[in-house]
There are 4 protein chains.
Amino acid sequence: MSKPLRADARRNRERVLEAAQDVFAAEGVGAPTEAVARRAGVGIGTVFRHFPTKEALLEAVLVERLRGLAEHARAAYAEPDAGAALFGFLEHVVAQSAAKNAFADALAGAGVDVSSVFGEVRAELLGAVEALVLRARDAGALRPDVGPVEVVAVLVGASHAARWAPEAARARTVAVVLDGLRAKR
Amino acid sequence: MSKPLRADARRNRERVLEAAQDVFAAEGVGAPTEAVARRAGVGIGTVFRHFPTKEALLEAVLVERLRGLAEHARAAYAEPDAGAALFGFLEHVVAQSAAKNAFADALAGAGVDVSSVFGEVRAELLGAVEALVLRARDAGALRPDVGPVEVVAVLVGASHAARWAPEAARARTVAVVLDGLRAKR
Amino acid sequence: MSKPLRADARRNRERVLEAAQDVFAAEGVGAPTEAVARRAGVGIGTVFRHFPTKEALLEAVLVERLRGLAEHARAAYAEPDAGAALFGFLEHVVAQSAAKNAFADALAGAGVDVSSVFGEVRAELLGAVEALVLRARDAGALRPDVGPVEVVAVLVGASHAARWAPEAARARTVAVVLDGLRAKR
Amino acid sequence: MSKPLRADARRNRERVLEAAQDVFAAEGVGAPTEAVARRAGVGIGTVFRHFPTKEALLEAVLVERLRGLAEHARAAYAEPDAGAALFGFLEHVVAQSAAKNAFADALAGAGVDVSSVFGEVRAELLGAVEALVLRARDAGALRPDVGPVEVVAVLVGASHAARWAPEAARARTVAVVLDGLRAKR
DNA sequence: GATGAATGAGGTTTCATTCAT
DNA sequence: TATGAATGAAACCTCATTCAT
């Protein structure tokens with residue numbers, strides 16, 4: 001669509017996005033945009049050139065994160081065991097989310113209209129998860145009455161549960177939540 | 001601790017708290033304190049007289065909510081069926097949270113140090129939940145390896161999952177998450 | 001309409017308005033709002049409490065100025081000689097405008113939608129000028145084909161002409177412009 | 001003075017100047033320089049290559065406009081009727097100014113030091129107007145006590161008066177102002 | 001010469017908090 | 001005690017200007 005960015009511009013855009021990820025993860029979405037600029041090593045004007053409002057930046061971070069999830073899901077498909085593929089993917093994402101503290105925050109952050117962001121990435125993510133879901137369902141490793149939408153929602157719930165649980169109870173808590181997805185033996 | 005407030009002062013405190021609940025739920029924790037004052041029908045000075053900082057107000061909202069949860073849990077104990085008591089409590093809370101859009105938001109709101117808030121109410125909430133948990137476990141309605149801490153964490157996760165899921169998938173999503181808590185077969 | 005301001009608030013509002021008049025006159029409408037605050041001896045927040053945007057402040061200055069004109073016009077009516085009343089008023093205003101350098105600037109300042117500002121004051125000003133106009137017309141001192149609207153427009157033109165003319169030619173220039181209003185002998 | 005520009009550079013300079021005229025007329029002198037570049041269809045760097053500061057660009061626009069006036073005045077000299085030549089010129093300029101909304105704005109724009117701009121063009125404009133003035137004075141069509149300086153100042157005033165007057169009163173208002181220049185019968 | 005990305009000072013505006021009324 | 005006006009730090013955002021491509 002938009003003409004391809006100049007090489008340096010593209011590099012900066014990525015640096016800003018990465019910095020935003022880190023900063024918002026560490027300090028919450030209320031962190032000043034200037035902190036993002038500082039961490040990216042660019043002037044504040046550069047941030048606003050690439051993302052014309054703070055909300056746009058927040059959305060971009062979220063989109064990036066969802067894109068990453070989709071990629072992960074696609075990669076997980078390589079695992080031959082259908083159940084392991086799906087649940088391995090879910091566990092990995094939850095672990096990473098809890099560690100980086102960002103996914104949950106960004107999603108729940110006030111003001112970001114999640115559904116509007118979804119536009120393009122939604123299809124990509126759900127598609128990738130669906131592949132895992134269908135195979136796992138066929139293999140009898142997944143409750144037959146849930147589809148990709150429910151799986152992603154449960155994933156979100158698991159991430160939040162992990163963040164809330166004290167360290168000692170975290171692993172068991174996540175296991176419990178994800179267990180709900182498994183087919184009754 | 002603090003000297004008993006005059007009757008009108010106590011009433012104001014409650015009105016402010018209620019207004020804060022509504023406003024932060026509807027507009028996110030970034031909403032200006034003055035919006036809370038307006039909704040409570042008091043001057044902004046009154047808000048700050050009762051809650052010396054915005055963070056204190058946020059904490060009070062959270063505490064209030066947790067206290068409400070604890071009360072709910074205690075009330076649920078009246079239900080004779082142990083399983084129904086626990087799961088009825090959980091479902092009710094999730095439904096209410098999703099509807100009021102508040103619990104999840106307040107918890108995830110950036111900057112509120114959840115653990116510090118817990119001080120007093122933590123014991124109260126966990127105690128009330130524990131009563132439900134022990135009985136349900138004895139009755140074979142709950143996985144034997146989870147305690148009140150995990151149950152509350154799963155509750156948080158379920159609330160978030162419900163908020164994230166599209167309307168049509170919400171009920172099933174919640175059922176799935178809570179299902180993880182039930183004893184196998 | 002709006003409840004009467006507290007005494008101190010009213011005093012501040014006036015100080016801000018006065019300061020804005022001075023600052024914009026001296027440095028142009030592009031002067032920073034903070035300069036207005038400084039000159040008024042108040043915090044910048046106070047300026048924005050009274051005038052929620054810079055444009056609102058600009059409009060208020062203009063309204064104030066027009067109100068001043070109207071008052072002047074009413075005062076001029078006391079002069080018994082009908083012609084002297086009208087032309088004395090016009091000359092006085094032009095002289096003052098050129099000196100304070102503000103009227104012309106404020107009017108021509110980009111972005112201020114003059115017509116929208118007029119709302120209330122327009123009637124007040126035109127009414128006051130009309131009184132002078134009618135009497136002067138009856139006395140044969142004014143062209144019979146012009147009304148208050150034309151007179152005010154000519155007044156604006158004369159102010160600008162005065163600002164543009166070099167010092168030496170100023171008086172004659174103004175005389176020429178206002179002469180256009182006199183009845184042909 | 002400056003070495004002759006390459007053909008394409010000269011063309012760019014002209015396009016920028018024209019664009020600046022339009023943009024500043026339409027959006028006021030506060031319009032961003034980038035808007036000028038966009039309208040001219042060149043990069044912003046090109047604008048700054050030709051006009052090292054925004055103020056220089058503003059001045060160039062003004063000079064261009066004054067040069068246009070001078071040219072107009074010279075062309076008007078062709079008209080044999082001395083009075084018609086002068087007043088036709090003045091009326092035409094006012095009409096054009098009001099229509100393009102630009103002359104008045106550019107002149108009144110804050111920050112432009114009008115006198116400094118005048119340097120070269122001043123003589124050119126006054127010279128051209130003087131020719132019209134002298135002939136008109138000799139022909140008894142112009143007040144004998146005004147020279148080119150006053151005439152130009154009145155022209156400025158008439159333009160502003162026209163801009164201020166409501167549509168219906170515009171023609172009469174301009175007539176009134178310019179009438180002041182005519183010799184008393 | 002032309003381009004447009006980068007810069008960062010500075011402008012407008014918001015909002016938590018204080019304090020005179 | 002309650003009020004809401006005042007405060008000013010800090011947030012978001014713009015834009016004149018520079019400079020690598």
Side-chain angles (χ1 to χ4, degrees), chain A residues 3 5-13 16 30-37 40-57, chain B residues 5-6 8-9 12 16 30-38 41-57, chain C residues 3 5-13 16 30-37 40-57, chain D residues 5-10 12-13 30-38 41-57:
Chain A
K3 56 187 63 169
L5 291 170
R6 243 163 57 180
D8 55 345
R10 170 172 277 314
R11 195 166 46 251
N12 268 342
R13 207 195 113 97
V16 167
T33 307
E34 193 158 349
V36 173
V42 304
I44 186 149
T46 302
V47 176
F48 278 92
R49 161 170 282 270
H50 287 292
F51 308 96
T53 62
K54 185 179 183 176
E55 197 181 336
L57 178 56
Chain B
L5 293 168
R6 259 168 42 182
D8 58 344
N12 269 345
V16 167
T33 309
E34 192 155 351
V36 173
R38 234 183 345 260
V42 303
I44 187 156
T46 302
V47 175
F48 275 88
R49 162 163 289 272
H50 287 292
F51 307 95
T53 65
K54 185 181 185 177
E55 198 179 335
L57 177 56
Chain C
K3 56 187 64 167
L5 291 170
R6 245 165 54 182
D8 56 345
R10 169 172 278 313
R11 194 165 48 249
N12 267 342
R13 208 195 112 98
V16 167
T33 307
E34 193 158 349
V36 173
V42 303
I44 185 147
T46 301
V47 176
F48 277 90
R49 162 169 281 270
H50 287 291
F51 307 97
T53 62
K54 185 180 183 175
E55 198 181 334
L57 178 56
Chain D
L5 293 168
R6 257 166 45 182
D8 58 343
R10 167 166 234 62
N12 268 346
R13 207 195 112 97
T33 309
E34 193 156 351
V36 173
R38 233 183 347 260
V42 303
I44 186 154
T46 302
V47 175
F48 276 89
R49 161 164 290 273
H50 286 292
F51 306 94
T53 66
K54 186 182 185 176
E55 198 181 334
L57 178 56

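Reckoned from all heavy atoms, side chains included, excluding hydrogens, waters and symmetry mates. Per chain, numbering begins at 1; letters A, B, ... match sequence-line order.
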J.: Treat primed atoms plus P, OP1 and OP2 as sugar-phosphate and everything else as base, then score nucleotides 13-21 of chain E 5' to 3': B for base contact with protein heavy atoms under 4.0 Å, S for sugar-phosphate contact only, - for none.
T.: BBSSBB---
J.: Atom CZ in B:R38, atom CD1 in B:I44: separation rounded to 0.5 Å?
T.: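 CD1 of B:I44 is found 9.0 Å from CZ of B:R38.
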J.: Starting at CZ of D:R13, measure out to CZ of D:R49 and round the result to the nearest 0.5 Å.
T.: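 These two atoms lie 13.5 Å from each other.
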J.: Has C:N12 got a side-chain N or O lying under 4.0 Å from the OP1 or OP2 atom of F:dA6?
T.: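 So the side chain of C:N12 is within the cut-off, an N or O lying under 4.0 Å from OP1 or OP2 of F:dA6.
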J.: Reckon C:T46 has a side-chain N or O less than 4.0 Å from the OP1 or OP2 of F:dT7?
T.: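 Indeed, a polar side-chain atom of C:T46 lies that close.
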J.: State, yes or no, whether a side-chain contact exists between C:D8 and C:R11 at a heavy-atom distance under 4.5 Å.
T.: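 In contact.
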J.: Between E:dA6 atom P and A:R10 atom CZ, what is the distance in whole Å?
T.: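 Distance check: A:R10 CZ to E:dA6 P gives 12 Å.
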J.: Check the phosphate of E:dA6 against A:H50, side-chain N and O only, distance under 4.0 Å to OP1 or OP2. Yes or no?
T.: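 For E:dA6, OP1/OP2 do have a side-chain N/O of A:H50 under 4.0 Å.
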J.: Between A:F48 and A:T53, what is the shortest heavy-atom contact and its length?
T.: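 Scanning both residues, the minimum pair turns out to be CE2-CA, 4.4 Å.
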J.: Kindly give the heavy-atom pair with the smallest separation between C:V16 and C:F51, and that separation in Å.
T.: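 For C:V16 versus C:F51, the nearest heavy atoms are CG1-CE1, 3.7 Å.
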J.: If a pair means Watson-Crick or G-U wobble with both distances below 3.5 Å, what does DNA chain E look like in dot-bracket form, with | marking bases paired to a different strand?
T.: .||||||||||||||||||||
J.: Want to settle it: does D:G43 or A:V42 sit nearer the 5' end of DNA chain E, counting the closest nucleotide to each?
T.: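 Of the two residues, D:G43 wins.
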